[in-house]
Amino acid sequence: MIKLLVTGACGQLGHDLINELSKRNIECMGSDLAPSYSGVQDGSAATTAPYVSVDITDADAVMKAIEDYGPDAVMHCAAWTAVDAAEDEENRDKVFAINSLGTKYIAEAAKAVDAKMLYISTDYVFDGQGCIPYTEDMPTCPQSAYG
């Protein structure tokens, strides 16, 4: 049976993803920064699924959580999502730590345990000037701190 780790489990995307995986009888564990699940308390599978608190800006904590769980894949949904607030000077370092470094640490830890990684990203990483559909190997051109 496949085993998945879902980061950002307390957010809307992570919550819904865990619920969908559960409906399909796919083993998964959620993770987020909070000490315990703190997302929508709707009684769904996301509220009762196994959970681990992980600060994705801490490379060692990310490595430990992924090594301990040993997932086949990591579905990375954790992110700074307040687009406008990402532009505030006082938030820029935190946004970079979460959206860039956190993602890097998750990718490195997934690679270390030979797990696949799926990262749900944002269209803000591109400048919107492309003439063909974007692919994962295309260069980015973020237009903001959020992107």
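- For Tyr37, the side-chain hydrogen bond (donor to acceptor under 3.5 Å, both in side chains) partners at least two apart in sequence or on another chain are His15.
- Remark: Glu108 pairs with Lys104 by the salt bridge (charged side-chain N to carboxylate O under 4.0 Å, His left out) rule, at least two apart or across chains.
- A search for side-chain hydrogen bond (donor to acceptor under 3.5 Å, both in side chains) contacts involving Lys64 returns Asp68, not counting sequence neighbours.
- Asn99 places no side-chain N or O within donor-acceptor distance of the main-chain N or O of Ala79, the cut-off being under 3.5 Å.
- With Lys3 contributing its side chain and Tyr69 its backbone, the two residues share a donor-acceptor pair below 3.5 Å.
- In the hydrophobic cluster analysis, where Ile, Leu, Val, Met, Phe, Trp and Tyr join through side-chain heavy atoms closer than 4.5 angstrom, Val113 is grouped together with Ile106.
- The local environment of NZ in Lys94 is sparse, with at most 12 non-hydrogen atoms from other residues, nucleotides or ligands closer than 6.0 Å.
- Nearest heavy-atom pair, Asp127 versus Tyr134, reported as atom, atom and distance to 0.1 Å: OD1-OH, 4.1 Å.
- Linking Ile, Leu, Val, Met, Phe, Trp and Tyr whenever their side-chain heavy atoms come within less than 4.5 Å puts Tyr105 and Val74 in one cluster.
- When the side chains of ILVMFWY residues are joined at heavy-atom separations under 4.5 Å, either directly or via intervening members, Val62 and Val95 end up in a single hydrophobic cluster.
- Using modelled atom types, one side-chain atom of Asn91 and one backbone atom of Ala85 make a donor-acceptor pair closer than 3.5 Å.
- Between Cys77 and Thr7, the closest heavy-atom pair is N-OG1, 2.8 Å.
- Interatomic distance, CG of Leu4 versus CZ of Arg24, reported as 11.5 Å (0.5 Å rounding).
- Evaluation of the ring pair (Phe, Tyr, Trp, His ring centres under 6.0 Å) rule for Tyr119 yields His76 as partners, not counting sequence neighbours.
- Following chains of ILVMFWY side-chain contacts shorter than 4.5 Å, one cannot reach Leu17 starting from Leu33, and the two form parts of different hydrophobic clusters.
- Nearest heavy-atom pair, Ile98 versus Ile56, reported as atom, atom and distance to 0.1 Å: O-CD1, 3.6 Å.
- Residue pairs meeting the side chain to side chain donor-acceptor pair (under 3.5 Å) criterion with at least one partner in residues 54-63, sequence neighbours excluded, are Asp55-Thr57.
- In this structure, Pro71 and Ala115 approach most closely via the heavy-atom pair O-CB, 3.3 Å.
- The nearest pair of heavy atoms linking Ser36 to Cys10 is O-SG, 4.5 Å.
- Residue Glu20 holds its CD atom at 8.5 Å from CD1 of Ile26, rounded to the nearest 0.5 Å.
- Nearest heavy atom pair, residue Ala65 against residue Val54, reads CB-CG2, 3.4 Å.
- With sequence neighbours excluded, the residues forming a salt bridge (charged side-chain N to carboxylate O under 4.0 Å, His left out) with Glu87 are Arg92, listed by chain and number.
- By the criterion of side-chain heavy atoms lying less than 4.5 angstrom apart, applied directly or through intervening Ile, Leu, Val, Met, Phe, Trp or Tyr residues, Leu13 is not grouped with Val40; the two fall into different hydrophobic clusters.
- Dense packing is recorded around CG of Asp42, with more than 12 heavy atoms of other residues, nucleotides or ligands lying under 6.0 Å away.
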When you look at Ser38 and Asp32, which way does the side-chain contact (heavy atoms from CB on, under 4.5 Å) test go after all the steps?
CA-CA 9 Å; Ser38 63; Asp32 215 307; over 6 Å; no
Can you check side-chain contact (heavy atoms from CB on, under 4.5 Å) on Thr81 and Gln12, steps first, answer last?
CA-CA 11 Å; Thr81 58; Gln12 182 179 359; over 6 Å; no
